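Notes to accompany the following structure.
Letters A, B, ... are given to chains in the order of the sequence lines, protein chains preceding strands, and every chain is numbered from 1. Everything numeric here is computed off the predicted structure, so don't read it as measured data.
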There are 2 protein chains.
Amino acid sequence: MAPRNQRSDALSKERIVETAIELLDTGGEAALTFRALAARLETGSGAIYWHIADKSELLAAATDHLIAGVMAGVVDEATPQAAIRTVALALFDAIDAHPWAGPQLFRDPGRSAMPLIFERIGAPLMALGLGGQTLFDSASALLHYILGVAGQNAANPRLVPDEADREAFLGRVAAQWLQLDAQAFPFVRQAATQMRDHDDRAQFLFGIDLILAGIAAR
Amino acid sequence: MAPRNQRSDALSKERIVETAIELLDTGGEAALTFRALAARLETGSGAIYWHIADKSELLAAATDHLIAGVMAGVVDEATPQAAIRTVALALFDAIDAHPWAGPQLFRDPGRSAMPLIFERIGAPLMALGLGGQTLFDSASALLHYILGVAGQNAANPRLVPDEADREAFLGRVAAQWLQLDAQAFPFVRQAATQMRDHDDRAQFLFGIDLILAGIAAR
DNA sequence: ACCTGAACACCGTTCAAGT
DNA sequence: ACCTGAACACCGTTCAAGT
């Protein structure tokens, strides 16, 4: 058997992380096991631990890698508002395509993904003239809203090729909401009728604009 | 050995769920195993499956139970804005005390926890005169913001008796942010200096008010 | 220094057997 | 109808042994 440590494609943290992302994209979080990863990398499961501390760090590193790529691809915009909308939509689409990353964004705010996102939200607000506590609190509000939608999206089946699964999912939720008591749940029952053909992306942007309008109104 | 199925405290879904919440509150999500749960309930691990489909349903049922209790305790308020603030803060404090429930809120929007929350947000907006798409989108924005903060809180160590752990956590995040490049991260570095003594609860309310102001400005 | 892969401790879940 | 608890299939992680 050829010694692995002399191959040109030797193990490295980057190669491990990229392979992990492939497994996550293909089969979701359940598909990422050290055994599957080792098999794909043609190595022993223990070898991975030489480069990565544990599974928690592996998932965090995969998220950092993904977000860094997304953020690097975001183009500059003319206005601060447009810049915030563009970054927000880029994140929305990234979680749409890689739903496993949604819950990860909540984990460790010190890691690289979080500062990358936070800077892209806060810098435009500075350009708008915000500062001090208002700046910090406004940026945090936008960040939390974006993460909240990301987390929700990660739970929904959105990345199906055809729209059938998504329709079925929304239809099931709407049906459950319509079964609620009309006296106790007037709003939710009305919302149920709007569920099936609502545009997630437009609704997401509406919320961004709501927060931006709130900032402008101060 | 006395037969279990004749005791007055026989197994029931409610007793299982309440015991599960005790384990979750005491030791976090890792402490909830079917073996630990069965030991605490003085039964076999398989007996639980007679009442609960699987672990996913157990966690969802625990969350529903928790949120139902929280929502039942929320008092009515004079104005729609006050009602929304009160519900939001009640959820904030509930996740603060039971951080394991944060990620669960993202799971299944059809379950009872989600409609309970959504109704309490949407009904006051209806009272404000909102309707149609604007009503649905505005309520969704508030919901996503609240869930985003809840998810973030669940990841942070907040429920420690003394403030030492929280201080250490925020200090560590701030230190990591201060190590970033000054040219590339002007905002994040400034935010780092505000991290240690910021008031999570006040910042959360600031975001709620920002969205409410955005709604009012439309 | 880096890799191998068996072994360990632990899960969720099932199911034949009991009462 | 409900409970028991061993058994199964599967994890993450460790570590003595290799190169």
Side-chain angles (χ1 to χ4, degrees), chain A residues 1-63 100-101 103-104 107-108 155, chain B residues 1-63 100-101 103-104 107-108 155:
Chain A
M1 192 182 294
R4 300 266 184 256
N5 52 1
Q6 288 174 20
R7 299 187 314 179
S8 58
D9 58 343
L11 266 189
S12 67
K13 180 162 178 177
E14 192 180 14
R15 207 162 77 88
I16 292 171
V17 166
E18 284 167 354
T19 307
I21 290 177
E22 288 175 25
L23 288 173
L24 288 163
D25 285 345
T26 305
E29 194 162 340
L32 180 63
T33 68
F34 278 81
R35 281 169 179 78
L37 193 54
R40 187 88 146 232
L41 290 164
E42 295 180 318
T43 185
S45 61
I48 297 165
Y49 283 90
W50 185 263
H51 301 273
I52 302 264
D54 53 24
K55 188 166 188 180
S56 172
E57 200 207 312
L58 177 59
L59 278 163
T63 305
W100 50 267
Q104 281 300 315
R107 291 293 146 83
D108 187 348
Chain B
M1 192 182 295
R4 300 267 183 254
N5 52 1
Q6 288 175 22
R7 297 188 315 179
S8 59
D9 58 343
L11 266 189
S12 67
K13 180 164 178 177
E14 191 180 15
R15 207 162 78 87
I16 292 171
V17 166
E18 284 168 354
T19 308
I21 290 177
E22 288 175 25
L23 288 174
L24 289 163
D25 285 345
T26 305
E29 195 162 339
L32 180 63
T33 68
F34 278 81
R35 282 168 179 80
L37 192 55
R40 187 87 146 232
L41 290 164
E42 294 180 319
T43 183
S45 61
I48 297 165
Y49 284 89
W50 186 262
H51 301 273
I52 302 264
D54 52 26
K55 188 166 188 181
S56 172
E57 200 206 313
L58 177 58
L59 277 164
T63 305
W100 51 266
Q104 281 302 312
R107 291 293 147 83
D108 186 347

Smallest separation among heavy atoms of [X] and [Y], with atom names:
X: B:Ile48; Y: B:Ala38; result: CD1-N, 3.9 Å
X: A:Ala31; Y: A:Ala36; result: O-CB, 3.9 Å
X: A:Tyr49; Y: A:Asp54; result: CE2-CA, 4.2 Å
X: A:Val17; Y: A:Ala62; result: CG1-CA, 3.7 Å

- Can you tell me how far P of D:dG5 sits from CG of B:Leu41, to the nearest Å? 14 Å

- Query: Given atom CD1 of B:Ile52 and atom C1' of D:dC2, what is their separation to the nearest angstrom?
  - Reply: 15 Å

- Message: Does B:Glu18, at its CD atom, have more than 12 non-hydrogen atoms belonging to other residues, nucleotides or ligands within less than 6.0 Å?
- Response: yes

- In chain order, what residues pass the side-chain contact (heavy atoms from CB on, under 4.5 Å) check against A:Arg40, with sequence neighbours excluded? A:Thr19, A:Glu22, A:Leu23

- Determine the stems involving DNA chain D; a stem requires 3 or more consecutive pairs of the Watson-Crick or G-U wobble kind, each with both distances below 3.5 Å, and the answer is none if no such run exists. C:4-8 with D:12-16, C:12-16 with D:4-8

Taking only nitrogen or oxygen atoms into account, show me every contact under 3.5 Å that the protein makes with nucleotides 11-15 of chain C, one pair per line with its distance.
residue: C:dC11; atom: N4; partner: B:Arg35; partner atom: NH2; Å: 3.4
residue: C:dG12; atom: OP1; partner: B:Lys55; partner atom: NZ; Å: 2.6
residue: C:dG12; atom: OP2; partner: B:Phe34; partner atom: N; Å: 3.0
residue: C:dG12; atom: N7; partner: B:Arg35; partner atom: NH1; Å: 2.9
residue: C:dG12; atom: O6; partner: B:Arg35; partner atom: NH2; Å: 2.7
residue: C:dT13; atom: OP2; partner: B:Tyr49; partner atom: OH; Å: 3.0
residue: C:dT13; atom: OP2; partner: B:Lys55; partner atom: N; Å: 2.9
residue: C:dT13; atom: O5'; partner: B:Tyr49; partner atom: OH; Å: 3.3

- Task: May I ask you to verify if any side-chain N or O of B:Trp50 is less than 4.0 angstrom from the OP1 or OP2 atom of D:dC3?
- Result: no

- Any donor-acceptor pair under 3.5 Å from B:Arg35 side chain to B:Ser45 backbone: no

- Task: State plainly whether the residues B:Lys55 and B:Glu29 are in salt-bridge range, i.e. N to O under 4.0 Å.
- Result: no

